[in-house]
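Below, chain A is the first sequence line, B the second, and so on; all start at residue 1.
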Amino acid sequence: MTGDDVLAIRKQWEQYNYADYLPEATVLASHDWTLYVRAMAQAIPRDLTEVHYPTEAEVRWAWTEGVAVVFDQPFDLEHLIISRDKSEVGVFGISTKVEDVAPTIELQQLQGVVFGIGQMMRARVAGSEEKTTESIYAIPTLFIGTDPEDIISGTWIPGGDSHVMHGQQLSESSAFQLSLVTALGHRLTKEVPVPSAGRGERRRVQRELPSLRMLSLAGGASVSEREGSPQRHPHQFRWIVRGHWHTVRHGPRKTLSRLQWYDPFVKGPEDKPLDERRTVWRT
Amino acid sequence: MSFQDDLSRDEFYQAAIQPDFPDCMQFVLTAAAQPSGEGDLTFSEEGIENLTDQIKHFIMARILGTWRKQNLAPKELSVGLVLDFKAPDEEMLRKGAWPWWALVDKGAHPLDGGHRGTP
């Protein structure tokens, strides 16, 4: 996908009723980077009863005005759908009534994810139609399908907990969202210019979407400073520890827990060569 | 009641052919829920044809109904036409199917899951 393709997708999105919410900032998620984020999501345990979302500071969130992530290659993502519009309104209709539905897992062919601006959002108690006066600080998220009419909305509640409904697992889309917000700010994510066919395209992109960058994986991994524990058999290689999620205990008497992503790092004796066997992503 | 939503074409004809059927009828056409090439909402050609077809059926049925009631062939017909356009408020139009509020349980805990617009 080149800069012109991203412009075309954005122009298509701008014809829909969520146009006003599209942030200017746009990034193209390269295929490799997306695979990495999906691998992060796969590593999250799914049998949770609640999931703790990181704060904006914890993930070094740099998108206070929101960001639109366009995926170079669309892929299928499972969502847990818990509410719908009450009646057929069409994409230009006015949806003011929603209804809860029995949680169902539905597939979406995902083209992009939009993060909005963090704001006090009104909450609706399950089973009611109206918004209540209670409000929650949240960043609205919108999953946009390859068919731009197919939109699924959700929220990222920085520093808050989402409760997984009884009998359900953490949805794949929530695990992916959690990984996405973590990956957008972590140090293995590198912003590079978007591929373009020529100077004309570069100028067009510069004029119409100057902020557009592509996300790719930074080469190499960071080196661990920590001393390894004494080994019975000294290692002959250094090796890359893949990125992983840890459950971190925190809070008063460590009664709370949250998932924390650890970037990949290099482990092993510094004077030994790096074992560079390639990691194969399962997709 | 409306033609084609509540009544089939035959039922509509059966009702409209009665001599006491009202002479005044409102036909409503709503724009198709797809963006046109320019991104503006517009009426489809098919929708307009359908609307004029409904008006034709209504006129034909009234002619027959009147004929039956008066037992004489009507020799003059006048039709008054009032067009009334409505556009939804742009802000409301824009802020449609994206419920930007969190769903919480009775204890006001946010729930994991998403909202999907009507397929």
Side-chain angles (χ1 to χ4, degrees), chain A residues 11 14-21 50-51 79-95 98 100 103 106 108 116 119 121-127 131-132 134 136 138 140-143 149-155 157 160-165 168 170-171 173-174, chain B residues 1-8 27-51 83-119:
Chain A
K11 286 218 170 93
E14 280 162 10
Q15 295 184 5
Y16 288 84
N17 59 359
Y18 45 86
D20 283 355
Y21 300 116
E50 61 184 56
V51 60
H79 292 264
L80 184 69
I81 302 301
I82 57 174
S83 79
R84 288 188 193 283
D85 299 336
K86 192 150 192 183
S87 55
E88 171 64 73
V89 291
V91 279
F92 285 89
I94 298 158
S95 165
V98 297
D100 301 328
E106 295 182 10
Q108 182 191 37
Q119 56 194 273
M121 286 171 60
R122 279 182 289 180
R124 183 172 68 83
V125 175
K131 288 169 258 188
T132 68
E134 284 189 60
I136 290 175
T141 56
L142 182 68
F143 293 80
E149 287 186 23
D150 182 18
I151 55 170
I152 295 174
S153 51
T155 44
I157 300 159
D161 297 303
S162 260
H163 286 241
V164 178
M165 290 166 88
Q168 297 295 326
L170 178 72
S171 60
S173 61
S174 295
Chain B
M1 91 187 153
S2 64
F3 179 37
Q4 284 188 337
D5 283 342
D6 306 321
L7 295 177
S8 69
F27 298 91
V28 179
L29 176 64
T30 45
Q34 278 110 31
S36 71
E38 287 74 41
D40 294 327
L41 195 59
T42 187
F43 299 110
S44 67
E45 208 174 317
E46 192 189 13
I48 293 166
E49 273 172 17
N50 200 19
L51 179 82
L83 297 183
D84 188 17
F85 289 98
K86 267 188 207 166
D89 178 64
E90 193 176 355
E91 194 193 13
M92 289 298 287
L93 193 70
R94 289 289 195 180
K95 290 187 178 170
W98 194 357
W100 261 7
W101 57 83
L103 186 64
V104 297
D105 63 14
K106 291 269 166 61
H109 303 300
L111 296 174
D112 180 55
H115 172 95
R116 194 168 208 165
T118 310

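- Proximity to chain B (any heavy atom under 4.5 Å) is restricted, for Asp161(A), to the backbone atoms N, CA, C and O.
- Under 3.5 Å, the side chains of Ser83(A) and His115(B) contain a donor-acceptor pair of N or O atoms.
- Neither the backbone nor the side chain of Gln168(A) comes within contact range of chain B; no heavy atom of the residue lies under 4.5 Å from a heavy atom of that chain.
- Each of Ile157(A), Val164(A), Asp150(A) has some count of heavy-atom pairs under 4.5 Å with chain B, and the biggest count is that of Asp150(A).
- By the 4.5 Å heavy-atom criterion applied to side chains, Arg116(B) and Gln108(A) are counted as neighbours.
- Pairing each heavy atom of Leu103(B) with each of Val125(A), the nearest pair is CD1-C, 4.0 Å.
- Listed by chain and residue number, Ser171(A), Asp112(B) satisfy the side chain to side chain donor-acceptor pair (under 3.5 Å) test with Ser174(A) (two or more places apart in sequence, or in another chain).
- For a residue to count as touching a neighbouring chain, one of its non-hydrogen atoms must lie under 4.5 Å from one of that chain's; by this rule Ile81(A) touches chain B with backbone and side chain alike.
- Comparing Asp100(A), Leu80(A), Leu170(A), Val51(A) by how many heavy-atom pairs each has under 4.5 Å with chain B, the most go to Leu80(A).
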